[in-house]
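Below, chain A is the first sequence line, B the second, and so on; all start at residue 1. Computation of the quantities below employed the complete heavy-atom set of this structure, encompassing side-chain atoms and omitting hydrogens, waters and symmetry-equivalent molecules.
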Protein chains: 2
Amino acid sequence: MATIKDIAQYTGLSITTVSIVLNGKGARISKEAIKRIEEAKKILNYEPNMLASSLRKGSTNIIGIVVSDLHPYFIRLAQLIERDIAQYGYQVLIVGSDESDEKCEAMIDNFINFRVAGMVLAVTSGLKQRIVRLNKQRIPFVMIDRYFKGVTANVVLLDNFRSAYNAVDFLIKKGRTRIATFHYDTQMHHMQDRMDGYKAALKDNGIRFNKKLAPTISFSEANAIEINGMIKEMVEVYGADAIFFQTNRAALPGIDAIFNLHYKVPEQLAILCFHDNDFFKLVKPSITAQCQPLEELAKECVNILLSEIKGELKSKVRRVFPATILNERDST
Amino acid sequence: MATIKDIAQYTGLSITTVSIVLNGKGARISKEAIKRIEEAKKILNYEPNMLASSLRKGSTNIIGIVVSDLHPYFIRLAQLIERDIAQYGYQVLIVGSDESDEKCEAMIDNFINFRVAGMVLAVTSGLKQRIVRLNKQRIPFVMIDRYFKGVTANVVLLDNFRSAYNAVDFLIKKGRTRIATFHYDTQMHHMQDRMDGYKAALKDNGIRFNKKLAPTISFSEANAIEINGMIKEMVEVYGADAIFFQTNRAALPGIDAIFNLHYKVPEQLAILCFHDNDFFKLVKPSITAQCQPLEELAKECVNILLSEIKGELKSKVRRVFPATILNERDST
DNA sequence: ATGAAAGCGCTAACAC
DNA sequence: GTGTTAGCGCTTTCAT
């Protein structure tokens, strides 16, 4: 593949001149030289080698995003981040770890090895030590949605406690008293916050927390058969009159189960999901869900990242975004 | 950030020795040296610089995937490709062009600038010349799903003609005679193939093609209001008794419209989609859709890419995958 | 078993 | 306006 050296030889100019022109800093170079260089570039099918230029410059213009899963929520977030940060000349690359600690860590390492300018991380639960080490490595990064207690780092997240609280409170105000949910077998604080919000809303409304209405399931995978059985038990044995799905990974098989069991929604059983989805308005009855302030999350990520890259950030930032609005539909 | 030079200084060994050990080729290096190097690596928080090593080696281990849109179909495909090609030591990076020619071309350029080992491309319609140039640049790549007539390149795709043919034939066998669809305003051959399959199935069953039942809409964006109006006209003016959605971008607002218009599905109007979606079985009535041989597509992509990278491919390959199976549900 | 040195393609400080 | 040169961090050939 052609190099600037080839262009220099072809045009009879020096490497420097070629480099200056190719980088658009050709103000002080003669029109004649510029023309010849542009011509040679086309003819030789020149493609700049970012490995070389980034190595030399000591940095890339890439922002690496590692998310736990490539679901629509994170894809959308990445697109918003991309849109915002493109103005500053950065490109965005997104990878998904499938909730695997090993993959997540490997992906972070890969980004570092490629000397990305910064990272946005929605990490898996086992990454605490890696995040601590990231700080030592002085690499600009922002955690998103997920964080670790006792670890100082920039973090941007939803108010998971408040969102869950509001959701459950909403159901109670609608007259529901036996609100079921799934408890996830994870150490991730964002999930614990949601569970705490659920419990707090019950308590503030004088309803006792009932463990039978919050059975534990796997966070990283949804076993449809297991979920089906649990829902049947919640409703038929423990009299659940509403289900609050904290994740869509469980909501999809869950809603499928509810429909197959032919419970009357919302009369017998109300449904409310933490995250919205395009299809929730298509389903009959349509599903009530919360909608997240993704734009603000993205904007804040970009702000923090840019300050961190420029070295303007004196101390780490923690931003929590207000509880989410409810898209009320037929299921509640 | 620490370099191998730092490790060399710290351990008192040479750069060469450190490099050999860090690359796991330390068979001929003393245990003692290896131990000291591993230790220094931890203490100094060393991270290899891929920019430098790739520059030196002349290649990266990255496979770049550019897709027209980050929807579930391509995400899934990318995951399958990743799984298959990881065994050969490659990593996968996926980006979406949002059906924009400029972004698509810029993303390909970026990958080339980073000297990816190969690319998988589902390009936008204006990229014909760029693909021609890619061939000249001798970069290993495989086109997927989308291709250009008259351009020699590796391509792996669904049998779009056959799939559409089978879908429409299926509807006819079910007794439908006035099958509507949307015609897309794009030059992409994969879409034209689908349209041709639609027409051929009608013809083979003795049904005349009716332009009123195949109005033209934008390929890259779905205007819900426009689609709503068109469906109303198809059904109420031109008596459509079935709709074949060739893309899910149109299917989502389309199905929404059908439900809102309260047509009886499938009695009055049958629905069939080219691509499946997790939610199609949740919707009432559930939506019949085709399912694509994604595993095979991914596997073939990987095979071709690996051969191309190794330089084993004598001539370009074109692989068309058999018509897709139908997931029959309540909407037909 | 270990080291010296060249060079991958590029940028930038400096010289003319 | 244009050229010379050093060096980014690494791998690899060739010595020792």
Engineer: Take the angle between the ring planes of A:F74 and A:H71 and call it parallel below 30°, perpendicular above 60°, tilted in between.
Structural biologist: parallel
Engineer: C:dC8, OP1 or OP2 - any side-chain N/O from A:N49 closer than 4.0 Å?
Structural biologist: no
Engineer: Among B:I309, B:I63, B:V120, B:L306, exactly one meets side chain to side chain contact (heavy atoms under 4.5 Å, CB included) together with B:P140. Which residue is that?
Structural biologist: B:I309
Engineer: Would you kindly give the CZ-to-P distance between B:R115 and D:dC10, to the nearest whole Å?
Structural biologist: 20 Å
Engineer: Roughly, in whole Å, what's the span from CG in A:D6 to P in C:dC8?
Structural biologist: 11 Å
Engineer: Whole angstrom is fine here: how far is it from NZ in B:K31 over to P in C:dA1?
Structural biologist: 11 Å
Engineer: Need to verify one output field. Residue with the more 5' nearest nucleotide on DNA chain D, B:A52 or B:K25?
Structural biologist: B:A52
Engineer: Quick one: label A:S30 by what it contacts on the DNA or RNA (base, sugar-phosphate, nothing), any heavy atom closer than 4.0 Å.
Structural biologist: sugar-phosphate
Engineer: What's the closest nucleotide to the side chain of A:I4 if the choices are C:dT2, D:dC10, C:dT11?
Structural biologist: C:dT11
Engineer: Per the atom types in the model, does the base of C:dA12 pair as donor or acceptor with the side chain of A:T16 at under 3.5 Å?
Structural biologist: yes
Engineer: Can a side-chain donor-acceptor contact be found between A:R146 and A:S68 if the only test is distance below 3.5 angstrom?
Structural biologist: yes
Engineer: With heavy atoms under 4.0 Å as the rule, sort B:I15 into base, sugar-phosphate or nothing.
Structural biologist: base
Engineer: Could you state the NZ-P distance from B:K57 to C:dG9, rounded to the nearest angstrom?
Structural biologist: 16 Å
Engineer: Atom CZ of B:F114 and atom P of C:dC10: how far apart are they, to the nearest Å?
Structural biologist: 13 Å
Engineer: Under 4.0 Å between a side-chain N or O of A:T3 and OP1 or OP2 of C:dG9?
Structural biologist: no
Engineer: Starting at atom CD1 of A:I20, determine the distance to atom P of C:dC14, rounded to an integer number of angstrom.
Structural biologist: 15 Å
Engineer: Just the rounded figure in Å: distance from P of D:dG1 to CG of A:L13.
Structural biologist: 14 Å
Engineer: Rounding to an integer number of Å, can you tell me how far A:E47 CD sits from C:dC10 P?
Structural biologist: 11 Å
Engineer: Check whether any side-chain N or O of B:S53 sits under 4.0 Å from OP1 or OP2 of D:dG9, and answer yes or no.
Structural biologist: no
Engineer: Do A:D101 and A:R130 meet the salt-bridge criterion of a basic N to acidic O distance under 4.0 Å?
Structural biologist: no
Engineer: From D:dC10, D:dC8, D:dT12, pick the nucleotide closest to the side chain of A:L55?
Structural biologist: D:dC8
Engineer: Does A:S19 put a side-chain nitrogen or oxygen below 4.0 Å from OP1 or OP2 of C:dT11?
Structural biologist: yes
Engineer: Under 4.0 Å between a Lys/Arg side-chain N and an Asp/Glu carboxylate O for A:E308 and A:K316?
Structural biologist: yes
